[in-house]
2 protein chains.
Amino acid sequence: MNIGQASEQTGVSAKMIRYYESIGLLPSAARRENGYRDYSDQDVAVLQFVRRTRDLGFSLEEVSALLALWTDKKRPSREVKRLAETHIADLERRMREMRAVMKTLRQLAQHCHGDERSDCPILDDLAKPRAANAKKVRRR
Amino acid sequence: MNIGQASEQTGVSAKMIRYYESIGLLPSAARRENGYRDYSDQDVAVLQFVRRTRDLGFSLEEVSALLALWTDKKRPSREVKRLAETHIADLERRMREMRAVMKTLRQLAQHCHGDERSDCPILDDLAKPRAANAKKVRRR
DNA sequence: GTTGACCTTCCCATTGTGGGAAGGTGCAGG
DNA sequence: CCTGCACCTTCCCACAATGGGAAGGTCAAC
């Protein structure tokens, strides 16, 4: 099947499928005579695996490792579990950071009238230099 | 003061200070005769403001808006509050997504022996194509 | 003077994704 | 047969925000 079909069936954009191939995350796709990539149901299954691990927040590097473990029928499940737990721990850390930030933000917002008046505790507070700051709460 | 001092006092790297200036987030810094940037205590206060808003997870675009609001003494506090609340809502959405992902991951990890045996429910599950997937839980 | 710690600008890499150009292919309808 | 349209190909650019590092100027201390 063409890349468009594969994309539709997996929810991975054609752009990304080509990219994953280019960085070696996926093996080179088979080609037809006209040069079009040709995907089998097997390939689609791999793409779905990738899609799902991506949805669970694994980086492409981790996806690559998981793919290798998936393919290697003899690896101990310990390795897979370790990878998953490392990722969970990472998510937990980020959630803690975000919670702290949200707490601060909610407090700030709560004390701001939010009306026509110009005095604003949020900005006043932001202007105050702090010693202890939660670092590195960045967006997606 | 030199950029190095300003950086040290604000926790914003010299690299980032120059970058913020280059994209117009900050006004062009004063220069000495030797071409070195020269920062006043005022400038440092602005950098601290930026640092703090960044730490709270605002994007540079939002920081820019907040800086403008901060400078505009006559703006209604409503505008600031709206910005803060939009950001809070965004964080909340992301936290919800992460929570859902974590729940799934914990379940998967729980059912995996994590020992020498090779059968692994995590990989089995990842291989199963799903209909409903949490999308877009990406890293930092 | 030389050394070392600064500063300057400029370019490159990252992570993962999308946009779009320029060109080839394939099929359907006139 | 031609035309159009939908698809495919590769290639380059952009994004957000940050760091690394090169090549060169400056300054202070020894």
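Below, read A as the first sequence line, B as the second, and so on, with proteins coming before strands; counting in each chain starts at 1.
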- Give the rounded distance in Å between these two atoms: CG of B/N2 and P of D/dG25. 18 Å

- Query: Any chance CG of B/D119 has more than 12 other-residue heavy atoms, nucleotides or ligands included, within less than 6.0 Å?
  - Reply: yes

- Report the end-to-end axis angle of the helix from C/dG1-D/dC30 to C/dG30-D/dC1; each axis comes from five terminal pairs, and the value is rounded to 10°. 30°

- Message: Between P on C/dC7 and CD on B/E21, what's the gap in Å once rounded to a whole number?
- Response: 14 Å

Pairwise N/O distances under 3.5 Å, protein to nucleotides 26-30 of chain D:
{"residue": "D/dT26", "atom": "O4'", "partner": "B/Y36", "partner atom": "OH", "Å": "3.2"}
{"residue": "D/dC27", "atom": "OP1", "partner": "B/N34", "partner atom": "ND2", "Å": "3.2"}

- Nearest of C/dC7, C/dT17, D/dT10 to any side-chain atom of A/R31? D/dT10

I'd like a table of donor-acceptor pairs (distance under 3.5 Å, sequence neighbours excluded) in which one partner is a side-chain atom from residues 100-110 of chain A, with atom names and distances.
{"residue": "A/T104", "atom": "OG1", "partner": "A/A100", "partner atom": "O", "Å": "3.2"}
{"residue": "A/R106", "atom": "NH2", "partner": "B/E92", "partner atom": "OE2", "Å": "2.8"}

- Task: Would you indicate which nucleotide in C/dT17, D/dT9, D/dC7 comes nearest to any side-chain atom of A/R18?
- Result: D/dT9

- D/dA16 C1' sits how many Å from B/F58 CZ, rounded? 17 Å

- Task: Ignoring backbone atoms, test whether A/R32 places a side-chain nitrogen or oxygen under 4.0 Å from the OP1 or OP2 oxygen of D/dT9.
- Result: no

- Message: Does any part of the side chain of B/Q9, heavy atoms only, come nearer than 4.5 Å to the side chain of B/M1, both counted from C-beta?
- Response: yes

- Query: So if you build clusters from Ile, Leu, Val, Met, Phe, Trp, Tyr with side-chain heavy-atom gaps below 4.5 Å, do B/Y36 and B/L47 land together?
  - Reply: no

- Is the closest side-chain heavy-atom distance between A/R54 and A/L60 below 4.5 Å? yes

- Task: Examine D/dT18: is either OP1 or OP2 under 4.0 Å from a nitrogen or oxygen in the side chain of B/Y20? Give yes or no.
- Result: yes

- B/L126 vs A/W70 side-chain heavy atoms within contact, under 4.5 Å: no

- Give a yes/no answer on whether the side chain of B/R37 brings an N or O atom under 4.0 Å of OP1 or OP2 in C/dT9. yes

- Task: Give me the residues of residues 5-17 of chain B where at least one heavy atom lies under 4.0 Å from an atom of DNA chain C, by number, or none.
- Result: none

- Nucleotide C/dC7, atom P - distance to OH of B/Y19 in whole Å: 21 Å

- Within a radius of less than 6.0 Å around CZ of B/R82, do more than 12 heavy atoms belonging to other residues, nucleotides or ligands occur? no

With a 3.5 Å cut-off and sequence neighbours excluded, list the donor-acceptor pairs that the side chains of residues 14-29 of chain B form with protein atoms.
{"residue": "B/E21", "atom": "OE1", "partner": "B/R37", "partner atom": "NE", "Å": "2.9"}
{"residue": "B/E21", "atom": "OE2", "partner": "B/A29", "partner atom": "N", "Å": "3.4"}
{"residue": "B/S22", "atom": "OG", "partner": "B/Y19", "partner atom": "O", "Å": "2.8"}

- Less than 4.0 Å between a side-chain N and a carboxylate O, is that true for A/D90 and A/R93? yes

- Tell me: CG of B/L60 to P of D/dC15, nearest whole Å? 13 Å

- Between A/L83 and A/H87, is any pair of side-chain heavy atoms under 4.5 Å apart? no

Side-chain donor-acceptor contacts of residues 71-78 of chain A below 3.5 Å, not counting sequence neighbours, with atom names and distances?
{"residue": "A/T71", "atom": "OG1", "partner": "A/L67", "partner atom": "O", "Å": "2.6"}
{"residue": "A/D72", "atom": "OD1", "partner": "A/K74", "partner atom": "N", "Å": "3.0"}
{"residue": "A/R75", "atom": "NE", "partner": "A/L69", "partner atom": "O", "Å": "2.8"}
{"residue": "A/R75", "atom": "NH1", "partner": "A/D72", "partner atom": "O", "Å": "3.3"}
{"residue": "A/R75", "atom": "NH1", "partner": "A/K73", "partner atom": "O", "Å": "3.3"}
{"residue": "A/R75", "atom": "NH1", "partner": "B/S118", "partner atom": "O", "Å": "2.9"}
{"residue": "A/R75", "atom": "NH2", "partner": "B/S118", "partner atom": "O", "Å": "3.0"}
{"residue": "A/S77", "atom": "OG", "partner": "B/G114", "partner atom": "N", "Å": "3.3"}
{"residue": "A/S77", "atom": "OG", "partner": "B/D115", "partner atom": "N", "Å": "3.3"}
{"residue": "A/S77", "atom": "OG", "partner": "B/D115", "partner atom": "O", "Å": "3.4"}
{"residue": "A/S77", "atom": "OG", "partner": "B/R117", "partner atom": "O", "Å": "3.0"}
{"residue": "A/R78", "atom": "NH2", "partner": "B/E116", "partner atom": "OE1", "Å": "3.0"}
{"residue": "A/R78", "atom": "NH2", "partner": "B/E116", "partner atom": "OE2", "Å": "2.4"}

